[in-house]
Amino acid sequence: QVQLVESGGGLVQAGGSLRLSCAASGRTFSTYSIAWFRQAPGKERDFVSGISRGGWSSYYADSVKGRFTISRDNAKNTVYLQMNSLKPEDTAIYYCAARLDTPTPGHYDYWGQGTQVTVSS
């Protein structure tokens, strides 16, 4: 089992950057794939990016390719999402999630509480 806590959200102007962190508890963190999802008001929760347990594979939604970068530091039990060139449509609550399967869209077993990202125009 793993517990996840997101941080790093905030208010930023369009074109700016933020780095989200997902800190995990548990000694088995390195066995989990980690993904970021986001949910805007009135919309479904969407897959943003995922990274494999060793960090050798990563996946991105088309809407964030070239702007967002996911990475992980297993020694620190942390996954990061570097978000550059932010747009107002990136405004959402961002969640990190974990599962033992590949870090692609789908069902995830463990979720954090979310962190708000707001991009002003």
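Not measured: the values here are computed from a predicted model.
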Say whether [X] and [Y] are linked into one hydrophobic cluster, either directly or through other cluster members, by side-chain heavy-atom distances under 4.5 angstrom.
| X | Y | result |
| --- | --- | --- |
| Val64 | Tyr80 | no |
| Tyr110 | Leu81 | yes |
| Leu86 | Leu11 | no |
| Tyr59 | Trp111 | yes |
| Val5 | Val2 | no |

- Could you tell me the separation between the OG atom of Ser71 and the CD1 atom of Ile51, rounded to the nearest 0.5 Å?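 Between atom OG of Ser71 and atom CD1 of Ile51 there are 6.0 Å.
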- How many angstroms lie between atom OG of Ser121 and atom NZ of Lys87, to the nearest 0.5 angstrom? 14.0 Å
- Query: In this structure, which one of Phe47, Trp36, Phe37 forms a ring-ring contact (aromatic ring centres under 6.0 Å, His included) with Tyr108?
  - Reply: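 For Tyr108, the ring-ring contact (aromatic ring centres under 6.0 Å, His included) test succeeds with only one of Phe47, Trp36, Phe37, which is Phe37.
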- Task: Decide whether a cation-pi geometry holds between Arg38 and Tyr95; the criteria are a distance under 6.0 Å from NZ or CZ to the six-membered ring centre and an angle within 45° of the ring axis.
- Result: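 No; the conditions do not both hold, so Arg38 does not lie above the ring face of Tyr95.
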- Message: Using a 6.0 Å distance limit plus a 45 degree cone around the ring axis, check whether Arg53 lies over the aromatic ring of Tyr32.
- Response: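 Negative - Arg53 is either too far from the ring of Tyr32 or too far off its axis.
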- Query: Arg72 pairs by side chain to side chain contact (heavy atoms under 4.5 Å, CB included) with which of Ile34, Thr78, Asn77?
  - Reply: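 Answer after filtering Ile34, Thr78, Asn77: Ile34.
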- Considering residues, nucleotides and ligands other than Glu44, do more than 12 of their heavy atoms fall under 6.0 Å from its CD?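 Atom CD in Glu44 is not packed in, count stays at 12 or less.
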- Query: Partners of Lys65 by side chain to side chain contact (heavy atoms under 4.5 Å, CB included), sequence neighbours excluded?
  - Reply: Tyr60, Asp62
- Task: Could you give me the CA-CA distance, side-chain angles and deciding distance for Val117 and Leu18, then say whether side chain to side chain contact (heavy atoms under 4.5 Å, CB included) is met?
- Result: CA-CA 9 Å; Val117 171; Leu18 283 174; 3.9 Å; yes
Nearest heavy-atom neighbours spanning [X] and [Y]:
| X | Y | result |
| --- | --- | --- |
| Ala24 | Leu4 | CB-CD2, 3.7 Å |
| Arg67 | Asp90 | NH1-OD2, 2.7 Å |
| Val48 | Tyr94 | CG2-CE2, 4.4 Å |

Side-chain ([X]) to main-chain ([Y]) donor-acceptor, under 3.5 angstrom:
| X | Y | value |
| --- | --- | --- |
| Ser30 | Thr28 | no |
| Glu6 | Gly114 | yes |
| Ser85 | Gly15 | no |
| Ser33 | Ser52 | no |

- Message: Quick one, Ile93 and Thr115 - any side-chain contact, counting heavy atoms below 4.5 Å?
- Response: no
- Item | Sub-4.5 Å side-chain heavy-atom contact between Val12 and Thr118 |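 The answer is no; the side chains never approach within 4.5 Å.
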- Message: Under a 3.5 Å cutoff, is there a donor and acceptor pairing between the side chains of Asn84 and Ser17?
- Response: yes
- Inter- and intrachain pairs under disulfide (SG to SG under 2.5 Å), touching residues 43-95, at least two apart: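 The answer is none; no pair qualifies.
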- Item | From CA spacing to verdict: side chain to side chain contact (heavy atoms under 4.5 Å, CB included), Gln116, Thr91 | CA-CA 8 Å; Gln116 176 71 48; Thr91 295; 4.1 Å; yes
- Query: For Arg19, which residues count as a salt bridge (Lys or Arg N to Asp or Glu O under 4.0 Å) partner, sequence neighbours excluded?
  - Reply: none
- Walk me through it: do His107 and Asp109 pass the test side chain to side chain contact (heavy atoms under 4.5 Å, CB included)? CA-CA 7 Å; His107 172 78; Asp109 298 307; 3.2 Å; yes
- Task: Quick one: do Leu20 and Gln82 satisfy side chain to side chain contact (heavy atoms under 4.5 Å, CB included)? Show the steps, please.
- Result: CA-CA 6 Å; Leu20 305 183; Gln82 178 67 44; over 6 Å; no
